Amino acid sequence: MLSNCSFEEGFVKGFPEGTKIWHKFGEWRSPGHDYELHESGIVHIFGRPYLLTVMTRGKNTEQLAGAINVISKKTYRSIAAM
């Protein structure tokens, strides 16, 4: 189920090409409220699995997806530096 995710704006753009990622995303919007975009998944980095979940809320969906992307890039860099 996690391997069939169609969302490619967050984790997929944040990790190097070829990184094994099994993930899902969720979104929610209600009139008069901020938009919510969340992504969670298992990411294999250097042969080790990590669980990563990022939850965002705001008015601009592109910025929220961008925030997920930035966090996944920083996560990769942090783990690569270990």
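One is the number of the first residue; the rest follow in order along the sequence. These numbers come from a predicted model, not from an experiment.
Residues Tyr76 and Pro16 approach most closely at CZ-CG, 3.5 Å, considering heavy atoms. Nearest approach of Ala65 to Phe7, heavy atoms of both residues: CB-CZ, 4.1 Å. Contact between Ser72 and Gly10 at its shortest, heavy atoms only, is OG-O, 3.8 Å.
Applying the ring pair (Phe, Tyr, Trp, His ring centres under 6.0 Å) criterion to Phe15, with sequence neighbours excluded, gives no partner residue. Every side-chain hydrogen bond (donor to acceptor under 3.5 Å, both in side chains) that Lys13 has, sequence neighbours left out, goes to Glu9.
Thr56 places a side-chain N or O within 3.5 Å of a backbone atom of Leu37 that can act as its donor or acceptor partner. Side chain of His33 to backbone of Pro31: a donor-acceptor contact under 3.5 angstrom is found. Checking side-chain atoms of Glu39 against main-chain N and O of Phe11 turns up a donor-acceptor pair under 3.5 Å.
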Next item on the list: Kindly determine whether His38 and Trp28 satisfy ring pair (Phe, Tyr, Trp, His ring centres under 6.0 Å), including the steps that lead there.
Entry: CA-CA 9 Å; His38 314 308; Trp28 180 82; 9.2 Å; no
Next item on the list: For the pair Asn69 and Ile71, evaluate side-chain contact (heavy atoms from CB on, under 4.5 Å) and give the outcome as yes or no after the intermediate values.
Entry: CA-CA 6 Å; Asn69 176 282; Ile71 291 168; over 6 Å; no
Next item on the list: Begin from the C-alpha positions of Thr61 and Arg29 and carry the test side-chain contact (heavy atoms from CB on, under 4.5 Å) through to its verdict.
Entry: CA-CA 10 Å; Thr61 58; Arg29 182 182 304 209; 3.2 Å; yes
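With rounding to the nearest 0.5 angstrom, the NE2 atom of His23 is 12.5 Å from the OG1 atom of Thr53. Atom-to-atom distance recorded for Leu51:CG and Ile42:CD1 is 6.5 Å, nearest 0.5 angstrom. Of the inter-residue distances, the one linking Lys24 atom NZ with Ser40 atom OG reads 11.5 Å to the nearest 0.5 angstrom.
Taking 4.5 Å as the limit, every side-chain heavy atom of Ile68 sits out of range of all side-chain heavy atoms of Leu64. Side-chain contact between Thr19 and Val43 is present, with heavy atoms from C-beta onward closer than 4.5 Å.
Phe25 and Val12 fall into different hydrophobic clusters, where Ile, Leu, Val, Met, Phe, Trp and Tyr side chains are chained together by heavy-atom contacts under 4.5 Å. Under the 4.5 Å side-chain heavy-atom criterion for grouping Ile, Leu, Val, Met, Phe, Trp and Tyr, Val54 is connected to Tyr50 within one hydrophobic cluster.
Applying the salt bridge (Lys or Arg N to Asp or Glu O under 4.0 Å) test to residues at least two apart or on different chains, none of the pairs has a partner in residues 63-72. The salt bridge (Lys or Arg N to Asp or Glu O under 4.0 Å) pairs that include a residue from residues 69-82 number zero, where partners must be two or more places apart or lie in different chains. Screening residues 40-55 for salt bridge (Lys or Arg N to Asp or Glu O under 4.0 Å) gives no qualifying pairs among residues at least two apart or on separate chains. Screening residues 55-71 for salt bridge (Lys or Arg N to Asp or Glu O under 4.0 Å), with sequence neighbours left out, gives Asp34-Lys59.
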